[in-house]
Trainee: 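Following this message is one structure expressed as structure tokens.
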Amino acid sequence: MIDKSTNVNALYEGIISGNRFQLSRALTLVESTKPTTKVQARELINKCWNLQKKAWRIGITGPPGVGKSSFIEKMGLAAIARGKTVAVLSIDPSSTISKGSILGDKTRMEHLSKNERAFIRPSPNRGILGGIEERTFEAIVLCEAAGYDFIIVETVGVGQSESKIRDLVDHLTVMVMPGSGDGIQGIKRGLLELANVILIHKADGHNLNAAASAVKDFKNTMQSTVNANHVNTVVMKASSLTSEGIDSFLDIVKIYFNKSNDIIKALRRKQHICLIEAYLQAFLYDYAKEKTQKYISSHEQDHGQFHRHSPINLAAKIFEELTIE
């Protein structure tokens, strides 16, 4: 439970010493929407940011049912077998009414969640578009400070909005079902242009022929597509059931991080600017919301006069007051 008495220094020391319980408490702190915790969260993130650790930030996205969680579990266990540590930040969809979420990824990644070299944190997206959660970046920083080698972000689903994941990770994999190659069903072309790997999953059993056809179709599609990061997009197939392609995927990721230092630096610079803009927008939004509520409270009593103005006119008046200040 996070409260005003939370000791940020104790959380920080716990995180950098690899204490998973303290890392969980820190993530709860930064995910909290309580105004009283924002200062503490910011202090903690700044301390962890100054460590500047270089984990591999990997994004995994794809349509519901493609098997993202089962693939991440197999890939995570394979990475651990190679001596790595793995943190998984899994974003689950929230109810539009209650904002609650099932948060079932620890259940779906049963073996990985029990491994002491892995850490899994499911979080609700709280209705935020983009396939990620509002505090995903802070979670990445905390997991890096804890010393994890792989930071894997699993998005809610797939679509044009999921391109926001590119603002947080160094390497992006788009997972696809066999048989979806022709029409690129459920995936926007813009997202494919951001992908480092297009992975045809569930390439086993009766899906083998369809998976082979999908690889061919996507390779043909990507020949006429310029990757946004000027790297060759790899199209491959894999199966979490048979483990085919898991080690090959890790080899591809390793080659990318070993040879793409300049590309990753450019990505990080761009991401840094995007995050500055995002935080500034959030600060301005909170400030404007507070001023708007005060304006409405002080003017709404004059019901006739207040409702005679259009919402856009009232917004302009409030904005004028903000800029005068």
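Only this structure's heavy atoms are used, side chains among them; waters, hydrogens and symmetry mates stay out.
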Trainee: Just wondering, more than 12 heavy atoms not from Asp286 lying within 6.0 Å of its CG?
Mentor: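 Yes, because the 6.0 Å sphere around CG of Asp286 holds more than 12 heavy atoms from other groups.
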Trainee: On a heavy-atom basis, which atom in Leu168 and which in Arg57 lie closest, and how many Å separate them?
Mentor: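 Result for this residue pair: O-CD, 3.5 Å.
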Trainee: Nearest heavy-atom pair of Val86 and Gly76: which atoms, and what distance?
Mentor: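 Smallest heavy-atom distance, with atoms named: CG2-O, 3.8 Å.
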Trainee: Measure from the side-chain N and O atoms of Ser260 to the backbone N and O of Ile263, and report whether any donor-acceptor pair falls under 3.5 Å.
Mentor: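 Such a contact is absent between Ser260 side chain and Ile263 backbone.
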Trainee: Looking at Ile312, I'd like to know if its CD1 atom is crowded, meaning that more than 12 non-hydrogen atoms belonging to other residues, nucleotides or ligands lie closer than 6.0 Å.
Mentor: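 12 or below, so no.
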Trainee: Do Val215 and Leu208 belong together in a cluster built from hydrophobic side chains that touch within less than 4.5 Å?
Mentor: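 Different clusters.
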Trainee: Roughly how far, to the nearest 0.5 Å, is CD of Glu138 from OG1 of Thr136?
Mentor: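 The CD atom of Glu138 is 8.5 Å from OG1 of Thr136, to the nearest 0.5 Å.
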Trainee: Looking at CD of Gln40 and CG of Asn7, how far apart are the two atoms once the value is rounded to the nearest 0.5 Å?
Mentor: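 Going from CD on Gln40 over to CG on Asn7, the span is 9.0 Å.
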Trainee: Does the side chain of Gln281 reach to within under 4.5 Å of the side chain of Tyr285, using non-hydrogen atoms?
Mentor: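 A side-chain contact is absent here, since even the closest heavy-atom pair is not under 4.5 Å.
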Trainee: For Phe71 and Val66: C-alpha separation, side-chain torsions, deciding distance, then whether side-chain contact (heavy atoms from CB on, under 4.5 Å) applies.
Mentor: CA-CA 9 Å; Phe71 175 76; Val66 76; over 6 Å; no
Trainee: Is it possible for you to check whether Lys47 lies under 6.0 Å from the centre of the six-membered ring of Tyr12, through NZ or CZ, and within 45° of that ring's axis?
Mentor: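 Pair Lys47/Tyr12 counts as cation-pi.
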Trainee: Could you grab the distance from atom CD1 of Ile60 to atom OG1 of Thr173, nearest 0.5 Å is fine?
Mentor: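 It comes to 4.0 Å.
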Trainee: Any donor and acceptor pair, going by atom type alone, linking the side chain of Glu154 with main-chain N or O of Val88 inside 3.5 Å?
Mentor: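 No; judged by distance alone, with no hydrogens or angles, the pair does not exist.
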Trainee: Keeping the roles fixed (side chain from Glu73, backbone from Leu112), state whether a donor-acceptor pair exists under 3.5 Å.
Mentor: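 Side chain of Glu73 to backbone of Leu112: a pair is present.
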Trainee: In sequence, state the C-alpha distance, the side-chain angles, and the governing distance for Leu23 and Leu142, and then conclude on side-chain contact (heavy atoms from CB on, under 4.5 Å).
Mentor: CA-CA 7 Å; Leu23 175 58; Leu142 292 176; 3.9 Å; yes
Trainee: Does the pair Arg82/Asp149 count as a salt bridge with the N-to-O cut at 4.0 Å?
Mentor: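 So Arg82 does not pair with Asp149 through a salt bridge.
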Trainee: Are any side-chain N or O atoms of Thr28 and backbone N or O atoms of Ser24, one a donor and one an acceptor, separated by less than 3.5 Å?
Mentor: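 Between the backbone of Ser24 and the side chain of Thr28 there is a qualifying donor-acceptor contact (under 3.5 Å).
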Trainee: For a side-chain contact (heavy atoms from CB on, under 4.5 Å) check, start with the C-alpha distance between Val30 and Val141, then their side-chain angles and the critical distance, and finish with the verdict.
Mentor: CA-CA 11 Å; Val30 300; Val141 172; over 6 Å; no
Trainee: For Met75 versus Ile246, what's the shortest heavy-atom pair and its separation?
Mentor: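 The answer is CA-CG2, 3.8 Å.
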Trainee: Can you list the residues that meet the side chain to side chain donor-acceptor pair (under 3.5 Å) rule with Asn50, with sequence neighbours excluded?
Mentor: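 Asn50 satisfies side chain to side chain donor-acceptor pair (under 3.5 Å) with no other residue.
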Trainee: How are the rings of Tyr256 and His171 set to each other: parallel, tilted or perpendicular (split at 30° and 60°)?
Mentor: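 Geometry flag for His171 against Tyr256: perpendicular rings.
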Trainee: Taking Ser32 for the side chain and Leu29 for the main chain, is one N or O donor matched with an acceptor at less than 3.5 Å?
Mentor: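 No, because the side chain of Ser32 does not come within donor-acceptor range (under 3.5 Å) of the backbone of Leu29.
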Trainee: Check whether any side-chain heavy atom of Lys53 lies under 4.5 Å from a side-chain heavy atom of Tyr148, and answer yes or no.
Mentor: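 No, too far: nothing below the 4.5 Å cut-off.
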Trainee: Search all heavy atoms of Ile200 against all heavy atoms of Ala214 and return the closest pair with its distance.
Mentor: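 Minimum heavy-atom separation between Ile200 and Ala214: CG2-CB, 3.8 Å.
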Trainee: Can you tell me if Gln271 uses its side chain to pair, donor with acceptor, with the backbone of Val169 under 3.5 Å?
Mentor: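 Confirmed, Gln271 side chain pairs with Val169 backbone.
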Trainee: Hey, does the side chain of Asn207 reach the backbone of Ala203 with a donor-acceptor pair shorter than 3.5 angstrom?
Mentor: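 Looks like no, no N/O pair under 3.5 Å.
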Trainee: At what distance, to the nearest 0.5 angstrom, does NZ of Lys38 lie from CZ of Phe283?
Mentor: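 Going from NZ on Lys38 over to CZ on Phe283, the span is 8.5 Å.
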Trainee: Any sub-3.5 Å donor-acceptor pair from Asn196's side-chain atoms to Leu172's backbone N or O?
Mentor: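 Looks like yes, one N/O pair under 3.5 Å.
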Trainee: Tell me the closest heavy-atom pair linking Leu89 and Ala139, and the distance in Å.
Mentor: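 Of all heavy-atom pairs spanning Leu89 and Ala139, the closest is CD1-CB, 3.7 Å.
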Trainee: Could you tell me if the side chain of Asp204 sits less than 4.5 Å from the side chain of Glu244, heavy atoms only?
Mentor: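 The answer is no; the side chains never approach within 4.5 Å.
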Trainee: Look at Lys294 together with Glu290 and state whether they make a salt bridge at an N to O cut-off of under 4.0 Å.
Mentor: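 The answer is yes: the pair qualifies as a salt bridge.
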Trainee: Going by heavy atoms in the side chains, are Ile58 and Phe257 under 4.5 Å from each other?
Mentor: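 Yes, their side chains come closer than 4.5 Å.
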Trainee: What distance do Leu11 atom CG and Leu27 atom CG have between them, rounded to the nearest 0.5 Å?
Mentor: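 With rounding to 0.5 Å, CG (Leu11) is 10.0 Å from CG (Leu27).
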Trainee: Check whether any side-chain heavy atom of Arg166 lies under 4.5 Å from a side-chain heavy atom of Leu267, and answer yes or no.
Mentor: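 Yes, side chains in contact.
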Trainee: What is the minimum heavy-atom distance between Gly67 and Met175, and which atoms define it?
Mentor: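 Taking Gly67 first and Met175 second, the nearest heavy atoms are O-CE, 3.7 Å.
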Trainee: If you measure from CG on Asn261 to NZ on Lys259, what distance do you get to the nearest 0.5 Å?
Mentor: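 Reported to 0.5 Å precision, the distance equals 13.5 Å.
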Trainee: Excluding sequence neighbours, so at least two apart, what forms salt bridge (Lys or Arg N to Asp or Glu O under 4.0 Å) with Arg268?
Mentor: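 Expected list: Asp170.
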Trainee: Going by side chain to side chain donor-acceptor pair (under 3.5 Å), Ser240 matches just one of His201, Lys74, Lys68. Which one?
Mentor: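 That would be His201; it is the only one of His201, Lys74, Lys68 passing the side chain to side chain donor-acceptor pair (under 3.5 Å) with Ser240.
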Trainee: Is there a donor-acceptor pair closer than 3.5 Å between any side-chain N or O of Ser298 and the backbone N or O of Tyr295?
Mentor: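 A pair under 3.5 Å: yes.
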Trainee: Treating Arg117 as the side-chain partner and Gly83 as the backbone partner, does any N or O pair qualify as donor plus acceptor under 3.5 Å?
Mentor: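 Pair found, side chain donor or acceptor close to backbone of Gly83.
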Trainee: Is there a side-chain contact (heavy atoms from CB on, under 4.5 Å) between Val234 and Leu199 once you walk through the steps?
Mentor: CA-CA 8 Å; Val234 177; Leu199 188 140; over 6 Å; no
